[in-house]
Amino acid sequence: MVQCSDIPISVKMRIGTTDNKLTGISLCEHLKSTGISHITVHGRTRQQRYTKNADWDYIRRCAEAASPVTLFGNGDVLSFEDYNTNVAAADGVMIGREPSSSPGYSRK
């Protein structure tokens, strides 16, 4: 798809499907060879949904595997403090559901 497109292609993914099958690092290694322009990694598995905290250490390892492709982390960024704590793990942070559920989010 990357070779067929005139616009940048990005991927958003989870760290894996189940707690026992974390595939994020190997997928990031593969994706960087495709010419993808950007990856966003959500720090939970599909199985976890919102029952556990996002794994920002795993996101950091994904960012290392994806380098030099830009990688943003996502998950449990509920405040400016959360952002400051997690931003060093990746090239940036993507904020997901919190702004839609918290009207004053941008002022936190």
Side-chain angles (χ1 to χ4, degrees):
M1 180 176 277
V2 172
Q3 292 79 12
C4 299
S5 177
D6 294 332
I7 61 172
I9 302 294
S10 65
V11 171
K12 181 176 184 227
M13 60 186 229
R14 291 181 174 268
I15 61 174
T17 54
T18 66
D19 296 350
N20 298 332
K21 187 158 175 115
L22 300 182
T23 55
I25 292 170
S26 61
L27 187 54
C28 285
E29 289 171 344
H30 171 73
L31 285 170
K32 76 177 175 181
S33 70
T34 67
I36 203 89
S37 64
H38 173 89
I39 302 169
T40 299
V41 176
H42 181 78
R44 284 188 280 272
T45 65
R46 182 178 56 88
Q47 178 185 30
Q48 289 170 343
R49 308 244 339 133
Y50 299 110
T51 63
K52 295 187 179 179
N53 291 334
D55 186 342
W56 281 87
D57 182 59
Y58 195 88
I59 291 171
R60 178 191 53 75
R61 292 168 44 212
C62 286
E64 290 169 355
S67 183
V69 174
T70 301
L71 187 137
F72 279 24
N74 172 248
D76 295 332
V77 181
L78 308 177
S79 67
F80 186 69
E81 290 78 17
D82 293 337
Y83 168 84
N84 279 333
T85 299
N86 297 322
V87 71
D91 298 307
V93 173
M94 185 184 94
I95 300 169
R97 66 188 160 100
E98 184 61 21
S100 63
S101 64
S102 179
Y105 182 79
S106 63
R107 292 187 294 270
K108 285 185 179 181

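Computed from a predicted structure; not experimentally measured.
To the nearest 0.5 angstrom, E29 atom CD is 9.0 Å from C62 atom SG. Rounding to the nearest 0.5 Å gives a distance of 6.0 Å between CD1 of I36 and CG of L31.
A 4.5 Å side-chain heavy-atom check between M13 and V41 finds at least one atom pair inside the cut-off.
The shortest heavy-atom contact between A90 and G73 is CB-N, 3.8 Å. Nearest heavy atom pair, residue I15 against residue Y58, reads CG2-CD2, 3.4 Å. Closest non-hydrogen pair, A89 versus A63, comes out as O-CB, 3.6 Å. For W56 against N74, the heavy-atom pair with the smallest separation is CH2-N, 3.6 Å. L71 approaches A66 most closely through the heavy-atom pair CD1-CB, 4.0 Å.
The side chain to side chain donor-acceptor pair (under 3.5 Å) check on R61 picks up nothing, with sequence neighbours excluded. D91 pairs by the side chain to side chain donor-acceptor pair (under 3.5 Å) definition with nothing, not counting sequence neighbours. Residues meeting the side chain to side chain donor-acceptor pair (under 3.5 Å) test with E64, sequence neighbours left out: R60.
If you check the side chains of Q47 and T45, you find no donor sitting under 3.5 Å from an acceptor.
With K32 contributing its side chain and S67 its backbone, the two residues share a donor-acceptor pair below 3.5 Å. N84 places no side-chain N or O within donor-acceptor distance of the main-chain N or O of E81, the cut-off being under 3.5 Å.
The cluster map of Ile, Leu, Val, Met, Phe, Trp and Tyr, joined by side-chain heavy atoms under 4.5 Å apart, puts F72 and L78 in different clusters. Y83 and M94 fall into different hydrophobic clusters, defined by Ile, Leu, Val, Met, Phe, Trp and Tyr side-chain heavy atoms under 4.5 Å apart, directly or through other members.
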Inset, instruction - Let me see the working for H42 and T40 under side chain to side chain donor-acceptor pair (under 3.5 Å), right down to the final yes or no. - result: CA-CA 7 Å; H42 181 78; T40 299; over 6 Å; no
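The only member of D76, D55, N53 that meets side chain to side chain donor-acceptor pair (under 3.5 Å) when paired with R44 is D76.
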